[in-house]
Amino acid sequence: MSFRERVFSGVQPTGNLHLGNYLGAIKRFVALQASHDCIYCVVDMHAMTVWQEPSELARNTREVTAAFLACGIDPEKHIVFNQSQVAEHAELAWVFSCVARVGWLNRMTQFKEKAGKDRENASVGLYSYPVLMASDILVYRATHVPVGEDQKQHLELARDIAQKFNNDFAESIRGHGHGDAFFPLPEPLIQGPATRVMSLRDGTKKMSKSDPSDYSRINLTDDADAIAQKIRKAKTDPEPLPHDVAALERRPEADNLVGIYAALKDVTKADVLAEFGGAQFSTFKAALIDLAVSVLGPIGSEMKRLVRDPAYIDSVLASGAERARVIASETMQAVKQIVGFVGR
Ligand code: TYM
């Protein structure tokens, strides 16, 4: 059975949106609007899997929404909302908790990283996080999910859950006239030169919100001076830039900066090396600073302008949630019928 193409993705409101979130995800969200129906979600329920100060959670939810809008997501043509406003995400997550196997969740590397040594003390939500993520996607029966590389394993789990649901309930799905398969197997869209942006201090570590050093990342709200300073201080090696991409393989810091430049400019790494091969880092960094400031500067100022008007942001989220609910409740009603829950 073929499913109508629909894009879904989410971003956690946990503070400090950075260049990795932008290049690996949000910039891709923007591009997909031209070809697909898109649903973009601020996943506040996911954020809660580790402690969030309530007032900070609300502030960060509005800030991620502002980032979506400032980057060019159109909340009228597409749907922008926060997860907790559509109860069906949690409702479907329960059904999926009974479909997913403990062994599947035990393999999730992100849980192991985030829970660290004190695993006994991690929240149950942090453990079952990928089940809620599968519900986010499948409650809209979304077919395509743009994400950075770090989410690949979670997407595989979402596919496994969809597949097992379709198999376990095959008879009922057909019996109720829902075709051969009720859920699509969502495809990750992990593409482009910046699917894994690395720390500016260490080219072998992912750029992340939780890195204690602010010099490791460029935040979307950084001003021109901060961007310039962070790029100037970014770790490099002593060689000039190579002429071909293969030579970047053992040079993680060079590879990262070239990837960032390519993604910001919408070209390939090979294009960047055609222009800068043989150049010293000082020359390349100066060009990267100009480029980064010209792309990120306007986004940062628009975000700051938007967050000053929380009533407007809240109205965007409310209207997005209302439209999301229509789709989600239709899916949930069918799921209830399929699994044998009585009533509407
Ligand atoms: P989150 O909030 O950690 O990150 C949001 C998006 O940014 C991408 N990303 C990166 N991409 C490239 N380089 C990096 N250094 C980098 N850091 C982060 C992430 O891959 C992600 O696409 N579990 C998700 C949120 C989520 C979700 C969903 C995503 C919840 N439900 C349903 C897709 C579909 C997360 O924690 O992303």
Side-chain angles (χ1 to χ4, degrees), residues 6-30 32 38-50 52 57 60-61 63-65 67-68 71 81-84 86 89-90 92-93 96 108-111 113-114 125-126 128-159 161-162 186-211 216-220 252 255-256 259-260 263-264 324:
R6 180 178 277 147
V7 166
F8 180 94
S9 198
V11 174
Q12 292 197 65
T14 40
N16 279 335
L17 278 182
H18 54 69
L19 189 61
N21 299 127
Y22 176 62
L23 295 177
I26 304 174
K27 187 173 152 71
R28 316 288 326 288
F29 299 178
V30 175
L32 283 160
C38 304
I39 304 179
Y40 295 129
C41 184
V42 186
V43 290
D44 47 6
M45 287 156 64
H46 273 109
M48 208 187 177
T49 56
V50 294
Q52 307 292 321
L57 180 61
N60 287 330
T61 299
E63 188 174 274
V64 173
T65 311
F68 282 177
C71 291
F81 73 107
N82 57 314
Q83 191 182 28
S84 60
V86 181
H89 290 239
L92 183 59
F96 282 174
M108 296 293 115
T109 54
Q110 188 161 306
F111 173 73
E113 278 160 28
K114 287 203 176 171
L126 189 67
S128 62
Y129 176 117
V131 175
L132 179 59
M133 182 162 159
S135 314
D136 297 339
I137 300 164
L138 293 168
V139 84
Y140 303 101
R141 301 213 271 172
T143 54
H144 293 84
V145 186
V147 282
E149 235 225 6
D150 60 345
Q151 296 300 317
K152 192 168 176 223
Q153 196 184 33
H154 290 161
L155 257 294
E156 280 158 10
L157 186 91
R159 292 170 65 89
I161 290 176
E187 260 181 59
L189 298 175
I190 303 174
Q191 294 156 340
T195 56
R196 189 175 176 80
V197 176
M198 307 307 275
S199 155
L200 299 179
R201 308 298 293 155
D202 177 350
T204 63
K205 256 174 55 188
K206 193 180 68 171
M207 183 178 285
S208 111
K209 297 172 189 180
S210 52
D211 194 311
S216 68
R217 64 183 161 259
I218 294 174
N219 303 307
L220 288 190
D255 188 26
N256 191 36
I260 290 172
L264 283 170

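Quick caveat, the model's predicted, so the values are computed rather than measured. Indexing begins at 1, ligand by ligand and atom by atom, following the structure's order.
No donor-acceptor contact under 3.5 angstrom links the side chains of Q110 and D150, judged on distance only.
Sorted by chain and number, the residues within 4.0 Å of ligand 1 by heavy atom are F8, S9, G10, V11, Q12, H18, G20, N21, G24, A25, V43, H46, Y129, M133, D136, I137, V145, V147, G148, D150, Q151, A194, T195, R196, V197, K206, M207, K209.
Within the structure, no pair that satisfies the salt bridge (Lys or Arg N to Asp or Glu O under 4.0 Å) test touches residues 7-25, not counting sequence neighbours.
Residues passing the ring pair (Phe, Tyr, Trp, His ring centres under 6.0 Å) test with Y129, sequence neighbours excluded: H46, H154. Remark: Y22 pairs with no residue by the side-chain hydrogen bond (donor to acceptor under 3.5 Å, both in side chains) rule, at least two apart or across chains.
Counted within 6.0 Å of NZ on K152, heavy atoms from surrounding residues, nucleotides or ligands total 12 or fewer; the atom is thus considered open.
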Chi angles and distances behind the salt bridge (Lys or Arg N to Asp or Glu O under 4.0 Å) call for D211, K205: CA-CA 10 Å; D211 194 311; K205 256 174 55 188; 3.5 Å; yes
